[in-house]
Amino acid sequence: MTGWSLPTALTVGGREYRINADYRDILEVISCLQDEDTLAGQYVALALFYEGFEDMPREDHPQAMEELARFIDLGEDPEEGPPQPKTIDWEQDRAIIAAEINKAAGVEVRSLSFLHWWTFMGYFGTIGEGQLSMIVALREKLRKGKKLEPWEREYYRQNRSRVDFKRRYTADEEQTLNAWGV
């Protein structure tokens, strides 16, 4: 992969596989990779990403996962070291992210039949001052225990449900909550 082309296929185990490179596909893949059952989530992510995955030899799956991670990281090797704290949630923040990306792209990106992940992330990287940057900054301050300015406290008080990450429950937890009528 090079940064000057938009890949639509990757080579795994010496064989080229077409990939689903639309940003919506990749957001779905990322969601699967956050699955509590890591192996099941990885398997589903690979199946969503690679066309013909069902024919891919099992011994190629680790390389396929490495190539997937590299693709998500825009052709770069994923960062080594401890994981960084979460600052955005693609699902929870989707409306704000879409609005900011639309502004950066000058078009409603959700209406496009295809938008390559790398192009989508290029737009994402140009997001300047706005609601998303304010929410991310608040999350960082809260995570680090820093004092909020009076206007930040007011914004947080009025928009707490947007700023705080929502708790996600496992299927078992959901079943228990439903049984309790919660």
Side-chain angles (χ1 to χ4, degrees), residues 6 20-38 40-42 44-45 48-49 68-69 71-76 78-182:
L6 298 175
N20 293 305
D22 184 73
Y23 79 96
R24 290 163 281 238
D25 296 323
I26 303 307
L27 291 173
E28 187 67 30
V29 165
I30 290 169
S31 177
C32 290
L33 292 173
Q34 295 172 348
D35 188 325
E36 293 282 327
D37 184 351
T38 306
Q42 287 180 359
V44 172
L48 290 171
F49 183 64
L68 167 58
F71 179 84
I72 289 173
D73 285 340
L74 311 178
E76 303 293 326
E79 294 283 326
E80 294 293 324
Q84 297 300 308
K86 179 178 177 177
T87 57
I88 65 165
D89 183 301
W90 290 103
E91 182 62 29
Q92 179 177 325
D93 299 331
R94 72 185 174 280
I96 298 167
I97 293 169
E100 297 283 356
I101 287 179
N102 290 343
K103 186 169 55 175
V107 65
E108 170 55 70
V109 298
R110 292 170 293 189
S111 70
L112 301 174
S113 61
F114 178 84
L115 180 62
H116 196 281
W117 173 248
W118 291 9
T119 304
F120 177 83
M121 289 304 291
Y123 291 138
F124 183 81
T126 65
I127 293 173
E129 292 296 316
Q131 195 169 18
L132 183 63
S133 64
M134 183 169 39
I135 288 172
V136 168
L138 275 174
R139 287 174 179 163
E140 275 297 292
K141 275 186 149 181
L142 291 167
R143 183 183 67 78
K144 292 178 178 179
K146 290 187 175 181
K147 184 177 179 182
L148 300 180
E149 298 294 326
W151 69 269
E152 291 172 317
R153 279 195 305 276
E154 180 66 18
Y155 182 88
Y156 180 57
R157 187 183 63 71
Q158 292 175 353
N159 297 282
R160 190 176 198 123
S161 64
R162 284 185 157 179
V163 176
D164 292 342
F165 288 120
K166 292 175 179 49
R167 173 140 162 65
R168 294 223 170 94
Y169 297 100
T170 65
D172 289 342
E173 290 170 330
E174 285 283 347
Q175 189 175 10
T176 301
L177 288 172
N178 289 337
W180 289 346
V182 177

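None of these values were measured; they are calculated from a predicted model.
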If you measure from [atom1] on [X] to [atom2] on [Y], what distance do you get to the nearest 0.5 Å?
{"X": "Ile96", "Y": "Gln92", "atom1": "CD1", "atom2": "CD", "value": "8.5 Å"}
{"X": "Leu6", "Y": "Leu74", "atom1": "CG", "atom2": "CG", "value": "10.5 Å"}
{"X": "Ile97", "Y": "Ile88", "atom1": "CD1", "atom2": "CD1", "value": "4.5 Å"}
{"X": "Tyr155", "Y": "Met134", "atom1": "OH", "atom2": "CE", "value": "4.0 Å"}
{"X": "Leu138", "Y": "Glu149", "atom1": "CG", "atom2": "CD", "value": "10.5 Å"}

Does any N or O in the side chain of [X] come within less than 3.5 Å of the main-chain N or O of [Y], such that one atom is a donor and the other an acceptor?
{"X": "Asn159", "Y": "Arg162", "result": "no"}
{"X": "Gln42", "Y": "Leu33", "result": "no"}
{"X": "Glu100", "Y": "Gln131", "result": "yes"}
{"X": "Asp73", "Y": "Gly75", "result": "no"}
{"X": "Lys166", "Y": "Ser161", "result": "yes"}

Over all heavy atoms of both residues, which pair between [X] and [Y] is shortest? Give the atoms and the distance, please.
{"X": "Thr126", "Y": "Ala104", "value": "OG1-CB, 3.3 Å"}
{"X": "Ser133", "Y": "Gly128", "value": "OG-O, 3.5 Å"}
{"X": "Val163", "Y": "Leu142", "value": "CG1-CD1, 4.0 Å"}

Item checked: Aromatic plane relationship, Trp90 with Phe124 - under 30° parallel, 30 to 60° tilted, over 60° perpendicular ->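 Correct class here is tilted.
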Under 3.5 Å donor-acceptor pairs involving side-chain atoms of residues 105-116, not counting sequence neighbours:
unit_1 : atom_1 : unit_2 : atom_2 : d
Glu108 : OE1    : Asn102 : ND2    : 2.9
Glu108 : OE1    : Arg110 : NH2    : 3.1
Glu108 : OE2    : Asn102 : ND2    : 3.4
Glu108 : OE2    : Arg110 : N      : 3.0
Glu108 : OE2    : Arg110 : NE     : 2.8
Ser111 : OG     : Glu108 : O      : 2.7
His116 : ND1    : Trp118 : N      : 3.0
His116 : NE2    : Pro7   : O      : 2.8

Sub-4.5 Å side-chain heavy-atom contact between [X] and [Y]:
{"X": "Lys147", "Y": "Arg153", "value": "yes"}
{"X": "Asn20", "Y": "Leu48", "value": "no"}
{"X": "Asp22", "Y": "Trp117", "value": "no"}

Next item on the list: List for me each residue that meets salt bridge (charged side-chain N to carboxylate O under 4.0 Å, His left out) alongside Asp164, sequence neighbours excluded, and say none if there are none.
Entry: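 If we apply the salt bridge (charged side-chain N to carboxylate O under 4.0 Å, His left out) test to Asp164, skipping adjacent residues, the hits are Arg160.
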Check: Is the closest basic N to carboxylate O distance between Lys144 and Glu140 below 4.0 Å?
Finding: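 Yes, Lys144 and Glu140 are salt-bridged.
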Check: Is the shortest distance from a Lys or Arg side-chain nitrogen in Asp93 or Arg139 to a carboxylate oxygen in the other one below 4.0 Å?
Finding: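 Result for this pair is yes, salt bridge flagged.
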Note to self: So if I apply the side-chain contact (heavy atoms from CB on, under 4.5 Å) rule between Phe49 and each of Asp25, Ile72, Ile26, which one comes out positive?
What the structure shows: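 Between Phe49 and the candidates, side-chain contact (heavy atoms from CB on, under 4.5 Å) is satisfied uniquely by Ile26.
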Check: Got a sec: does the CD of Gln158 have more than 12 other heavy atoms crowding it under 6.0 Å?
Finding: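 Atom CD in Gln158 is crowded, with more than 12 foreign heavy atoms closer than 6.0 Å.
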